[in-house]
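Quantities reported herein were computed from a predicted structural model and do not represent experimental measurements. We're numbering straight along the sequence, starting at 1.
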Amino acid sequence: MSRPPRTNGQFIQPAAARLQSMAASLPATSRRIAQFVLDNVGEVVHMSVTELAEKTGSSEGSVVGLAKTLGYTGFQQLKIALAQDLVAPVQFIHEDLEPGDHADTVVRKVFASHIQALQDTRASLDIPALVKAAEAIRTARRVEVYGIGSAASVAEDAGYRLMRIGVQARVLVDSHIQAIGASLTGPDVATLTISHSGSSQETLTATRLAREAGARTIVVTNYGKSPILAYADIVLFTVARETNFRTEAMTSRIGQLAILDALIACIALEDHETSSEVLRRSFEILSLKRY
C-alpha cells in the first residue's frame, strides 16, 4: 500500500484530501469552488485562475483565497499539489517520461514535446497582433521588458537582442524595480511582459501599472484566459503543454523564445538598413571581447 509523502519527517496530506476535509467548514463561495475542484480535479490542473473563477461563478480573489486557506501560496501551488495526486513522481521531471526510460527514449520524448510546442505555437500565432507589437516597439521611445522566475532569462535575452538592433530597451527582472519602472512609463513607452501563466503577481502588477501610466502593453503568455489579459493591449500566445506538474519547465520558454525571435526579426526588417548598420557595429564591438 502506498503511503503519503513525507517532508522533514512529517506526513503530508494529499491536496484533494485536505480540500475534502476542510470543505464543510468553508464559507459558501469557497465551498462551491472546493466542490468544483474535487469533482473536476483532472480538468482544474489545466485551468488558469480566471477560468476556474468563471466556472464557479466566483472571483479570482476567491480562488486565490481558497488556496491560501488550504496553506498554499496561491492557485498555481494548489494546482501543482493537486497534480501530485494524479501523476507518477517521474512526471515532475518530464510529463512524458516513465521509470526506466533509456537515454535515447528520454531524448526522443523531450525533443518531441518541444517540437510540438513550436508547431502548436506557430499554428496559433496571431500574425496581425505580431505586426502591431512590432510597430509599437519600433515607434516607442524606449521599451521595458518584464519577466520573473523562469521568464527572467527570456526577458534578458529579449532585451539584449532588441539593443542589438538599435532599440532602446531596459530589462527589469526585480519585482520592486518593475513596479517603479512601470509607474514611470508613459504613452511614448512600450512594455513587453513575458509570463507563461499570466497570473504571476509581480509581472501582472507591473503590466497593470504600465497600462495605467499610458504605455502600450505587449504580453507573451500561454493560450487561455488569465488575469494579465485585462491589462494587455497586444497579446502573443504560446501553446505549451506544461506547468501542470512543473513550474520551471523548458517547453514554455522555447515557445516564448520563438515568438520573440519572430517579433525582433519583424522589427529589424521594417528598417533593415539601420538595423543592419547597428548589428554591424555591435559585431565590431563584440569582436574586441574575443581572442
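- Cluster membership for I148 and I259, using ILVMFWY side-chain heavy atoms within less than 4.5 angstrom, is not shared.
- More than 12 heavy atoms of other residues, nucleotides or ligands sit less than 6.0 Å from atom CD of E54.
- Of the possible polar contacts, one joining the R18 side chain to the L70 backbone as a donor-acceptor pair under 3.5 Å is found.
- Between the side chain of T221 and the backbone N or O of F237, no donor-acceptor pair lies under 3.5 Å.
- Between the side chains of E60 and T50, at least one donor-acceptor pair of N or O atoms lies under 3.5 Å.
- Shown here for A136 and A190, the closest heavy-atom pair between the two residues is O-CB, 3.8 Å.
- Side chains of Q35 and D39: a donor-acceptor N/O pair is present below 3.5 angstrom, by distance only.
- Between the side chain of T139 and the main chain of E135, a donor-acceptor pair closer than 3.5 Å is present.
- Residue F75 forms a side chain to side chain contact (heavy atoms under 4.5 Å, CB included) with just one option from I80, V63, L66, and that option is V63.
- With hydrogens and angles ignored, the 3.5 Å screen pairs a side-chain donor or acceptor of S124 with a backbone N or O of D120.
- Rounded to the nearest 0.5 Å, atoms OH (Y146) and CZ (R170) are 7.5 Å apart.
- Of all heavy-atom pairs between L236 and D126, the closest is CD2-O, 4.4 Å.
- Scanning all heavy atoms of the two residues, the minimum distance from Y72 to Q77 falls at CA-OE1, 3.1 Å.
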Could you please spell out the steps behind the salt bridge (Lys or Arg N to Asp or Glu O under 4.0 Å) verdict for R142 and D188? CA-CA 7 Å; R142 80 167 191 273; D188 58 348; 5.8 Å; no
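- When hydrophobic clusters are built by joining Ile, Leu, Val, Met, Phe, Trp and Tyr residues whose side-chain heavy atoms come closer than 4.5 Å, directly or via intermediates, V110 is not grouped with I115.
- Under the 4.5 Å side-chain heavy-atom criterion for Ile, Leu, Val, Met, Phe, Trp and Tyr, M163 and V143 are members of distinct hydrophobic clusters.
- Side chain of D157 to main chain of S153: no donor-acceptor pair is present (N/O by atom type, distance under 3.5 Å, no hydrogens or angles).
- Going from atom CD1 of I264 over to atom CZ of R138 covers 15.0 Å, rounded to the nearest 0.5 Å.
- To the nearest 0.5 Å, atom CZ of residue R208 and atom OG of residue S183 are 10.5 Å apart.
- Judged by distance alone, the side chain of R32 and the main-chain N or O of T56 form a donor-acceptor pair under 3.5 Å.
- Between the side chains of H176 and D174, no donor-acceptor pair of N or O atoms lies under 3.5 Å.
- In the hydrophobic cluster analysis, where Ile, Leu, Val, Met, Phe, Trp and Tyr join through side-chain heavy atoms closer than 4.5 angstrom, L162 is grouped apart from L172.
- The backbone N or O of M22 sits less than 3.5 Å from a side-chain atom of S25, completing a donor-acceptor pair.
- Taking 4.5 Å as the limit, every side-chain heavy atom of H196 sits out of range of all side-chain heavy atoms of S150.
- Side-chain contact check for T193 and T203: no donor-acceptor pair (N or O, by modelled atom type) lies under 3.5 Å.
- The backbone N or O of S58 sits nowhere less than 3.5 Å from a side-chain atom of S62 that would complete a donor-acceptor pair.
- For the atom pair SG of C266 and CD1 of I137, the computed distance is 10.5 Å after rounding to the nearest 0.5 Å.
- In terms of modelled atom types and a separation under 3.5 Å, the side chain of R216 and the main chain of I234 share no donor-acceptor contact.
- For Y223, the OH atom is loosely surrounded, since the number of other residues' heavy atoms within 6.0 Å does not exceed 12.
- Across every non-hydrogen atom of V145 and A158, the tightest pair is CG1-CB, 4.4 Å.
- In plain terms, the two heavy atoms of G159 and V171 that are nearest each other are CA-CG2, 3.5 Å.
- Between S197 and S199, the side chains place a donor N or O and an acceptor N or O closer than 3.5 Å (distance only, hydrogens not considered).
- For the pair E144 and T185, the tightest heavy-atom approach, listed with the atom from each and the gap, is OE1-CG2, 3.6 Å.
- More than 12 non-hydrogen atoms from other residues, nucleotides or ligands lie less than 6.0 angstrom from CD of E212.
- To the nearest 0.5 angstrom, L38 atom CG is 12.5 Å from R31 atom CZ.
- The main-chain N or O of G147 is found under 3.5 Å from a side-chain atom of Q178 such that the two form a donor-acceptor pair.
- V189 and I267 sit in two unconnected hydrophobic clusters of ILVMFWY residues. Membership requires side-chain heavy atoms under 4.5 Å apart, directly or through other members.
- Considering only heavy atoms from C-beta on, T207 stays 4.5 Å or farther from L209 through its side chain.
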